[in-house]
Each structure stands twice: as structure tokens, then as C-alpha cells.
J.: 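One structure follows; several queries about it will come next.
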Amino acid sequence: MAALTPSRPLAEGADAFTVGTRFHRALGDGRIECTVCPRACRLREGQRGLCFVRARRGDEVVLTSYGRSSGFCVDPVEKKPLAHFLPGTPVLSFGTAGCNLACRFCQNWDISKSRETDTLTSEAEPETLATTAKRLGCKSIAFTYNDPTVFLEYAADCADAARDAGLKAVAVSAGYIRPEARRELYAHMDAANIDLKAFTEEFYRTIAFAASPPASRQSAGLRTVLDTLEYLVHETDVWTEITTLLIPGRNDSDAEIAAECAWIHEHLGPDVPLHFTAFHPDFKMRDVPPTPVATLRRARAIARDTGLRYVYTGNAHDPEGQTTTCADCGEALIVRDRYRIVRYAVSDNGHCSGCGAAVPGIFDGPPGDWGPKRQPIRLPDPSHKRAPAQGPPPAHRPEPSHRP
Ligand code: SF4
């Protein structure tokens, strides 16, 4: 018997990695609908949802990947990317398996589209994860590599354990989630980076393969993500940043970028940081060239002309696009060389050291000095009674599932 002891009730007759959930409802035809995301999978006994990790077991939909991970790394928090959240500090990052979207350009498709649990080679109780992160000097833990939406019960328990240890919790997500599950997941989070993959429903339907009404029985893909952003910014204290991966010819026109930026400005305000990152060919989109730096700079210029104050470029060498500037006096507050901070002019409580204006975000003392390091780690085996179920460390694991 496994020594892992989830704080959630185990599903009847299941292994220690399968826990019950409350996100499901019975339909009149014998099927049970998962209510986590708009895909609304309707399952008969033994069936799994599109994400693969949630499955019908008796009268409920269970999570089958509780306490299991595809690996752990300590990264700079700038890599999530978060530019206004505890700058320079290390974050313990991990993911599980499965995803509720099916992006043709996914960078972590071996995890997100896994139909095997072979990728889940590490085990971790939430408390072990938190104490390890603390011991390594991390200020936060991040749910990344694949979307925490599909393993929200495990993410919530890990976030609680992190908070108990004095750390913060970060969700890196596509924001494709229904309102009740959204409330549950983000009640446990301190920061989020939400992928706004494009600004057309067509992109979500044909490239990210979001279900569209009536098939989804919920709202469409883009609409759902915009709802998540409005919820996070206006109804929670979760510090929120946005990332758009620009793919040549798919979502990088001036008109689409301008429409996205205008929506952000009108609905979220000018202070929500926006990251434009570069695509590189992968998975089912190898016929599209990498994003030129010029495209990232063009998008950033459009965003700034729209009135957005904190706009960044990523996955490319672009020092100007990676600098945080005071919106009041124009002082260069945080100058970055990729993931290394080379100048820092923000006070310990988050004000411009030149004019004293508040800088939006979460700042707590001096910046960290983690730099660009990426450190794969192994957690203590929870059982000590069996051979550690651990594969090779994820030394070359790319950043979030949809980003290089
Ligand atoms: S999380 Fe979404 S994709 Fe997974 S089973 Fe539930 S509705 Fe389906």
C-alpha cells in the first residue's frame, strides 16, 4: 500500500493517487458530466475525459493523478513569466499530466497529451513539496508545464501547504475553466499567469481545439478565458499577468493585437502586465517559422500605444522589452538580461526609488538573486518501502506547456 496520504477522500476501490472530487453532476441518461471546464465531458463508467486524468468511477468523476508529478525544477519566477511578483526569486515548479485543450503548437505535448501515466514518475505529498521548496530557498511554488485546471484538487492542497510554510502559490493556466471550479482553484492561489492564446474564437476552436457551443454546453473558448481574467482582476486578490504567444500568420496581425490590447485596457485596466512571447515550431505546428523579434517589438508598441503600461517581450533577446519602467517618471526600475536582474530600483515595499510612485505587483523586500538557473530536483520518496518511482530529472523540460 502506498504511503502517500492525500487529504482528500480516496475514491472507492482506487489507488492512492485517485481522489474524489465535487465537480460533477448526474445526467438523466446514466452519464455523469465533469463540471471543471467548458468541455463538459459526459462519461459512462470507466471512461476518461479529454484531459485523461479525470475519469468516471462509480457515481462520480475522480482525479487519477493526485500526488504524482512529471518532475520538479527550481526556476526563476521570471520564467513563468511573472515580472511583478517577487522579482529574482526561485520558484519550485512542477506539473502532472493531461490538459483540457489540445493546442497544435504545444511545447510540452508529451505531458499534456499523455495517455499513459508513465510521465508521472515522481511522487509528492503537498507537505513534502512545501518543505522542500522552503529548504531550497524558494519563495513560491508554481503549477506549470501542464494546466492546474485538470488537477485542481492536488494543486489546491499543495498551495495550502505552501502557504502554511510561508510560501506563495502560482498557477500558470490557460484559464479555460468553469466558474465554480475557477473559484475553488484560485481561492488557493497568490498569483497567476493566464495564457490569452489569441483574440478570436476561431483560433481557440481550430488551433487550441476548445469546444465551442453547443458542443461545449458552456461558453466558447475565448469568452471563457476573458471571463477568467475579469474574475481574477476584479473579484480576487490574485496577482495576475497575461501571456500571448505570437504565432506567425495565426494571431499576430496588427488588428488582432490591437483588439486584444484594447480589451485588456478597457476591461482589466492599464496595469495588468502583458507578455508577448515567441513561438518556435513544435508538435503539430512544425511548418510555421519561429516568431521574429521584430514581431514581438511591434506587438509591444501597439500595446503601449493602447495605454498598457507594463508590456514585455519573451523567449527572445530584447533588453528594452524586458525592462520594467516607472509609469509615472519613466525611470528604468527593473532591467533584465533575460532572467537575470541587472538593475533594480524598486523599494522593498514596491515603490519607484526615483519618484516614489507605487509599482503594481507583489514586492516583499529586496529582489532575489536566483538568476537564470534551472535546477532539477528530486523529492524524498514518500513510501521508503518501495523502489523510488522516479525517472530522469526534467533537465530539458520546456517552460509552460504552450510556450518555448
Ligand atoms: S476537466 Fe474538462 S476535459 Fe477534463 S474531464 Fe473535466 S470537462 Fe473533460
Side-chain angles (χ1 to χ4, degrees), residues 8 11 14 17-27 29-66 68 70 95-104 106 108-109 111-117 119-120 143-157 171-189 192 194-195 197 204-205 207-225 227-228 231 401-402:
R8 310 262 170 180
F17 306 110
T18 299
V19 298
T21 82
R22 64 184 179 88
F23 295 103
H24 50 80
R25 69 183 184 108
L27 303 174
D29 60 3
R31 294 181 297 170
I32 294 185
E33 178 180 299
C34 174
T35 58
V36 168
C37 87
R39 203 168 291 281
C41 297
R42 295 179 163 187
L43 307 174
R44 297 194 185 279
E45 183 59 39
Q47 289 185 320
R48 289 176 178 265
L50 176 124
C51 62
F52 194 70
V53 295
R54 302 182 90 87
R56 166 85 176 263
R57 192 70 60 91
D59 291 335
E60 62 177 340
V61 176
V62 299
L63 170 65
T64 64
S65 61
Y66 189 102
R68 301 180 76 185
S70 49
T96 60
C99 190
N100 56 341
L101 290 170
C103 301
R104 293 176 59 79
C106 185
N108 273 347
W109 55 269
I111 291 174
S112 63
K113 291 295 106 190
S114 175
R115 290 294 177 268
E116 305 290 337
T117 51
T119 52
L120 297 173
F143 312 99
T144 180
Y145 308 138
N146 71 319
D147 201 307
T149 295
V150 302
F151 62 95
L152 74 89
E153 293 81 5
Y154 181 42
D157 287 354
V172 179
S173 171
Y176 186 59
I177 186 170
R178 284 164 71 169
E180 188 186 355
R182 176 190 297 151
R183 273 192 299 278
E184 168 65 19
L185 176 61
Y186 290 102
H188 302 266
M189 299 297 151
I194 301 296
D195 256 323
K197 293 176 184 291
Y204 272 90
R205 194 173 61 252
I207 296 180
F209 290 109
S212 57
S216 75
R217 297 173 282 273
Q218 298 293 313
S219 61
L222 174 60
R223 183 65 258 165
T224 299
V225 179
D227 289 347
T228 296
Y231 171 75
S401 58
H402 22 281

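Whatever order the structure lists them in is the order used to number ligands and atoms, beginning at 1.
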J.: Can you tell me the protein heavy atom closest to atom 3 (S) of ligand 1 and the distance?
T.: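 Nearest protein contact, heavy atoms only, for atom 3 (S) of ligand 1 is Cys51 N, 3.6 Å.
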J.: Show me which atoms of ligand 1 lie under 4.0 Å from any heavy atom of Cys34.
T.: 1 (S), 5 (S), 6 (Fe), 7 (S)
J.: Can you tell me how far CZ of Arg25 sits from CD of Glu33, rounded to the nearest 0.5 angstrom?
T.: 4.0 Å
J.: Between Phe23 and Val61, which heavy-atom pair has the shortest distance, and what is it?
T.: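 Between these two residues, the closest heavy atoms are O-CB, 4.4 Å.
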J.: Within the 4.0 Å heavy-atom shell around Val36, which atoms of ligand 1 are there?
T.: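 Matching atoms, with element in brackets: 1 (S).
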J.: Return the closest protein heavy atom for atom 2 (Fe) of ligand 1 as residue, atom name and distance.
T.: Cys37 SG, 2.4 Å
J.: Suppose I only count heavy atoms of Arg54 and a 4.0 Å limit; which atoms of ligand 1 are within that range?
T.: 1 (S), 5 (S)
J.: Go through the side-chain N and O atoms of Tyr176 and Asp147 and say whether any donor and acceptor fall under 3.5 Å apart.
T.: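 There is no such pair (donor and acceptor under 3.5 Å, judged by atom type) between the side chains of Tyr176 and Asp147.
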J.: Is the contact between Ala40 and ligand 1 made by the side chain, the backbone, both, or neither, using heavy atoms and a 4.0 Å cut-off?
T.: backbone
J.: Give the minimum heavy-atom separation between Cys37 and Arg178, together with the two atoms involved.
T.: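 Taking Cys37 first and Arg178 second, the nearest heavy atoms are O-CD, 3.1 Å.
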J.: How are the rings of Tyr66 and Tyr154 set to each other: parallel, tilted or perpendicular (split at 30° and 60°)?
T.: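 Tilted: the ring planes of Tyr66 and Tyr154 meet at 30° to 60°.
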J.: Could you work out, for atom 8 (Fe) of ligand 1, the closest of Cys41, Gly49, Ala181 by heavy-atom distance?
T.: Cys41
J.: Are the side chain of Gln47 and the backbone N or O of Ala55 linked by a donor-acceptor pair below 3.5 Å?
T.: no
